[in-house]
Structures are given as structure tokens and as C-alpha cells.
Participant: 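Got a structure for you, written out below as C-alpha cells; questions coming shortly.
For clarity, every value in this text was computed on a predicted model and none was experimentally measured.
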Amino acid sequence: MAGLGGTETLGRKSRWAILDLVVVVYALVPVLWIMSLSFKTTKTLTDGNFIPREWTLDNYKAIFQTSEFVRALGNSIGIAIISTVIAVVLGTMAAYAVARLDFPGKKALVGVSLLVAMFPQVSLVSPLFEIERSVGLFNTWPGLILPYITFALPLSIYTLSAFFREIPWELEKAAKMDGATPAQAFRKVIAPLAAPGVFTTAILVFILCWNDFLFAISLTSTSASRTVPAALSFFTGASQFEDPTGSISAAAVVITVPIIVFVLLFQRRIVAGLTSGAVKG
Amino acid sequence: MAEIVLDKVTKRYPDGALAVSDVDIEIADGEFIILVGPSGCGKSTTLNMIAGLEDITSGELRIGGNRVNERAPKDRDIAMVFQSYALYPHMTVRENMAFPLRLAKVDNATVERKVNDAAEILDLTQHLDRRPANLSGGQRQRVAMGRAIVRSPKAFLMDEPLSNLDAKLRVQMRTSVSRLQKQLGTTMVYVTHDQVEAMTLGDRVVVMRGGVVQQIGAPQYLYDHPSNLFVAGFIGSPSMNFLPATLEDGTLRSSLAELPLTDRIRKLLESADAPREVIMGVRPEHFEDAALLDDASRARGATFTGQVDVLESMGSDKYAYFTLSGEQATSAELAELAADVGSADVPTSGIQLVTRISAASPARLGQSAEIWFDADKVQLFDPSSGRNLTFAGE
């Protein structure tokens, strides 16, 4: 491992630079393509140029003028945030119990949550559709929030219990000795230390709910609860002879923005090694 | 400040394992008491029961005269220092130390004053705004102590607080713990597996084995008058030498020497109803190089001649090691002590003997030396029960 010692040669540097470039290009070309499409005019849409010849913001203006998209964006944000909050709060409590307590049925609980995560969602769509229709949840926010929580919970329990296990148990004992009630010990000592784990989980869960297409398309029927991924597929052009590629591209760019904001916002809170210094070592 | 009384305190786990059995300890107000024993002897469980972190199965725990069995740790008004220090990593040193006061809803000015006072005592003033991750082991240890002393609790509980420090720092911290306890005058219960810490720190020492209290007393008293083989072997470094011996017609036969019993020992043995086969224990410092003694002193003991295996010169005196022929003394207590120090798997043949002799001794490595030992300092134990047959009683 000579490279770690600071003996970086030019050849070595350039090899890494090329490798990095390949990875970045591979990952970003589809994204850039979509962005390029979204800035093109209808005429130049299919000219095959990567960089648009004629720039326009018309596509963006158009999608924000249709109530369909704005409604869907609102639905998406609302449903994803509510699902994330509920899944993370429930997941935190469950993960804490899984990591710390010894209760009957613990293994069964962990096993079942793993089972839920493994279950193919496609096979659940038809029964869920029937159930939601008969209980009146079809095409409502709760109708999407409930399945999202179900599939996000195993994820959040798993990630969070790994984080809780890292927190030394003696800290809780110390808090108890210092005069804290169990609730205070959790709030003032455990929760702040688990925060990076909670934020990581929140990001993962949010992305999971935000990106979902399967449930969104199957369990909604109008713009009352349709989320953006589903709404995109219902986009039409200005006339029936016009392709909605431009507006779909613009919408796709718009819906990645909240994810980026969400990640950037919480990334600052994900500080690795927050527990260092708690105990010996 | 308060006295702590353990009245037949027992801890039995749900799986039936008995961790602590019928412990009776009366800890006086302001006393510094040490719980010591090999790992798994129940000393930490006892401490956790005093703290309230573990439930008491039966018996009664009284702090300041009140039964506290059912009280939560926070209502017992005691502070604890953990082996791992258990500092809150997301708080600065100041916040760590202020934490118990904040929970007790003390006003800001008082918190500030108390934290500063504690920091002064522990020499932490310039570190108050740092986080635990940026502190050295010794500093973290002091922060843990600071967090305990800020709220002036009725008692301090310490769970092997020095065992994570390196050897030099440990000796230094040992003196400061002792000084701190004297300065504050607060009752302190201190758990350690290190008999040197136990000997040097405590007003009284409680030796535990397998959940049972073996003996309680001042360190010197335990050293001079161990009530059984376990205490005799555990207290003292290097530890007491044990040899199998036979009592016959007022003499004690062992592979060391034939020793006429002194009147004092003979009387004790008679009242103790001693068996024929015994285990003889002699502390290293009760040996001396016979060449350095006059006849009068030599008459008070017996001598043996052996080849010096290892000779360690400590400057002030020398340790001479011998290997004697014959079987080693065996008993459950000795086996447990050997297992605790890890010497059980070291193969040895014959009896290992450690003697501490004067630095002026002419003994040479590999040569034979005549070594004298004090007949009146010999202690005899019953191999089956471990009882000290020469124990003079309280």
C-alpha cells in the first residue's frame, strides 16, 4: 500500500482519474439526458443532440400549469413524509426493543419483519386492491401510506437496531444513576446518539416511498391521491399527435429535486463515529 | 452521606443461578469499603444491587436507615463510576458533569459553581469545553468521577474504575481516589479484582468468592489473620506459599522442615480440632536467609536448604524462588485462585516457593542457600473446608 504513504505518482493519479470519470459518466449520462430533453423545444426534441440547440423552459412552465402534476407533487410529498415519519418512529421503538430487551417472541418478530421485506410486492397488489376497495381506502392517502409503512418498517427496524446495538448499554445505566427516568435517559442520551441512524433510515425510507410506482399506479385512480411516478404515466401531449416526452422529462427532473434536498439536508447529521469517546478505547 | 446496610441480600437469576448469597455488610457513614474477589464472585452484582440497577431477590438494603429495595436508582441518591466511564459522547465535559444537576433541576448559577468546583478538584478546568473523544484515558476517568461528585450524593459506587488505565496511571489515580474520598468524607463502595487496590485503598475489605462473603476486615487484619485458605491466597502479592503438611506429636512435617509447634499455635490447633493432614501457609516475607541471622533468631524457626531457581533483586530486598520436591497442596480454594490468575494451565512439578529475603543476602542464582522461616508466623488450614486452623478469632 505504497499509495497510502504519500508516494502518489502521476501515472497512478491518472489511472484513478480515468476510472472515476468512467463511473461518473456511467451513472450520470441518463440523468443528463433527461435534463437535456427537458430543456429542448418540441421541434428539436428528436434531433439527437446531447446539448440542446434551442433552449427553452416551456416544458417546466407547462407541467406547473397543469393541475395534474402539481396535485401529484403535493400527494407525493405528503404521502412520503407521513409514511417516513410513522415508519421511523415505530421503527425506532421496535429497534430499541429488539436491540436492548429480551422479550418472548423477539426472534419471531425479527423473523416476520424479514419475511415482510422479502415478500414480492407484485403478488400483493391484487389482494390489496380488493381489500382497499371494500374498506374504502382505495384512492386515498392512507391507502398508500399503510402499505408504504408496512414495507418500510422492516428496513427501518433492521438499520436502526444495528445503530442501537452500537450504543454502549452502560450509558443508559449511567443516565439512570445520574437521576434520569427511563424516558429521560432515552430522550437525552440514547436518542441523540442514535440520531445519525435515525436520519440514515429516514432517507432510505423516504426514497423508498417517493420512488414507488407499483402501489401508486394500482391503488389510485384520480389525482386525489395519485403520486408523481404514477401521474407521469398519465401525461399527454398538447394534442393527441404530440409526444409528451418534453413534459415527462421536466417532471422527472423536478421530482428528483426533493430527494437531493432531503439527502443534503440530513447528510450533515450523519456524522460517523459519534459514539467514540463514550467508553474506553 | 449515609451508612449502607446489606441485610441477608441475595440475588438469584431467573434461570436459578445464585449470584450473591446472604450478604451481610454494614458500611459506616464515610467509610471506604472495597469489594474484592476473582471474576464471577458476585462483587459487581452486589454493587449493582446497591445502585438499583439489579433487583434484590431477597434480603433488605438500607441506605441511611431507610429500606430502598424498591426504589429506582434515581431515588437512592447515590452516584456511580463505571469501569468503561460511560461518558455521554455528545456532550462536552462541562455538560457531562452538569447532567445529574440538570436532571435534578438545579438552577444555572449553582450548576455552574458546582461543576467548576468539581473541575478544580479533579484538575479538569482547562478541559471543560472538550468532548470525551478528545480526552485521554486518565482524563475521561476523572470526568466520570466529576460527574459522580457534583451532586454530593449519599454514597459513591465505583465499579473497577481504574482497570482500564495503564499501570503507571493506575497507581497515580489510586492515590487521588483515596485522597478524594478523604477530602469529601463520603461513603464509598469500591469494586475491584485487584488485591493491591483493595489493600491500599480501603478502610475495610470484603473478600467474596462464589457469591459468598469470605471475610470482612481491615486490609492488614485480613493479611495477618485470613479466616480461610481463599482469603489467605487472594490477599498478598506475591501470594502466600502453600504446602501439604502433617501434624504429629506437636510437630509439623512438611517438605520444608520438621517444625516443633509454638505454644500459641498448639493451643489454637487444639481448640480448632485440627485434622492430621493440613495445608501449611507461609508468607514470602516470613522467610530469611539463615546466613544473616544470629542463633537466637534462628531458634525461633526452622531452616531448609534449596537451590535458588530464580533470583529477583528489587533493590530493597530480593525474591528467591525454589522448587521443592513433593506434591503440591490441593484444595478447591487453591484451584479457584490458580484459575483466576491463569496459572492453572502452567505445568509445574513439585512445590513452588517464593521467599522474600534481605537485599544483603549472599544467595546466588543456581546455588544452594539455607533459608530460615518463622515458626510462629506459619498458618495452618484444613484442606477439606479451607478453614484457617490457626485463626485467632475476631
Participant: Assess the residue pair B:Phe99 and A:Val189 against the criterion (side-chain contact (heavy atoms from CB on, under 4.5 Å)); give the C-alpha distance rounded to whole Å, side-chain angles, the decisive distance to 0.1 Å, and a yes or no.
Facilitator: CA-CA 10 Å; B:Phe99 189 68; A:Val189 176; 3.8 Å; yes

Participant: What's the shortest heavy-atom distance between B:His90 and A:Lys188, and which atoms?
Facilitator: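 Heavy-atom minimum between the residues: NE2-O, 3.0 Å.
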
Participant: I need the minimum non-hydrogen distance between A:Leu171 and B:Pro89, along with the two atoms involved.
Facilitator: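 Residues A:Leu171 and B:Pro89, closest heavy atoms: CD1-CD, 4.0 Å.
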
Participant: Does NZ belonging to A:Lys176 count more than 12 external heavy atoms closer than 6.0 Å?
Facilitator: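 Atom NZ in A:Lys176 is not crowded, with 12 or fewer foreign heavy atoms closer than 6.0 Å.
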
Participant: Can you tell me which portion of B:Leu101 sits under 4.5 Å from chain A's heavy atoms? Options are side chain, backbone, both or neither.
Facilitator: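 No part of B:Leu101 comes within 4.5 Å of chain A.
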
Participant: Nearest 0.5 angstrom please: B:Arg102 CZ to A:Gln184 CD, how far?
Facilitator: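 B:Arg102 atom CZ to A:Gln184 atom CD measures 13.5 Å (nearest 0.5 Å).
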
Participant: As an exercise, state the distance from NZ of A:Lys173 to CE of B:Met80, rounded to the nearest 0.5 Å.
Facilitator: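 If we round to the nearest 0.5 Å, A:Lys173:NZ and B:Met80:CE are 7.0 Å apart.
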
Participant: Looking only at heavy atoms, what is the nearest atom pair of B:Ala79 and A:Met177, with distance?
Facilitator: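 Smallest interatomic distance, heavy atoms only, reads C-CE, 4.5 Å.
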
Participant: Show, in sequence, the C-alpha distance, side-chain angles and deciding distance for B:Tyr85 and A:Glu170, and conclude whether the side-chain contact (heavy atoms from CB on, under 4.5 Å) test is met.
Facilitator: CA-CA 8 Å; B:Tyr85 318 141; A:Glu170 286 206 330; over 6 Å; no

Participant: Atom OH of residue position A:Tyr26 - does it have more than 12 heavy atoms of other residues, nucleotides or ligands inside 6.0 Å?
Facilitator: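 Open: at most 12 neighbouring heavy atoms sit under 6.0 Å from OH of A:Tyr26.
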
Participant: Heavy-atom distances under 4.5 Å only: say whether B:Ala72 touches chain A with side chain, backbone, both or neither.
Facilitator: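 Answer is neither: B:Ala72 stays 4.5 Å or more from chain A.
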
Participant: Let me know if B:Arg131 has heavy atoms under 4.5 Å from chain A in its side chain, its backbone, both or neither.
Facilitator: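 For B:Arg131, there is no contact with chain A at all, as no heavy atom is under 4.5 Å.
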
Participant: If you count the non-hydrogen atoms of other residues, nucleotides and ligands that lie under 6.0 Å from CD in B:Glu120, is the total more than 12?
Facilitator: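 No, because the 6.0 Å sphere around CD of B:Glu120 holds 12 heavy atoms or fewer from other groups.
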
Participant: Any chance you could measure B:Met97, atom CE, to A:Asp178, atom CG, to the nearest 0.5 Å?
Facilitator: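 CG of A:Asp178 is found 11.5 Å from CE of B:Met97.
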
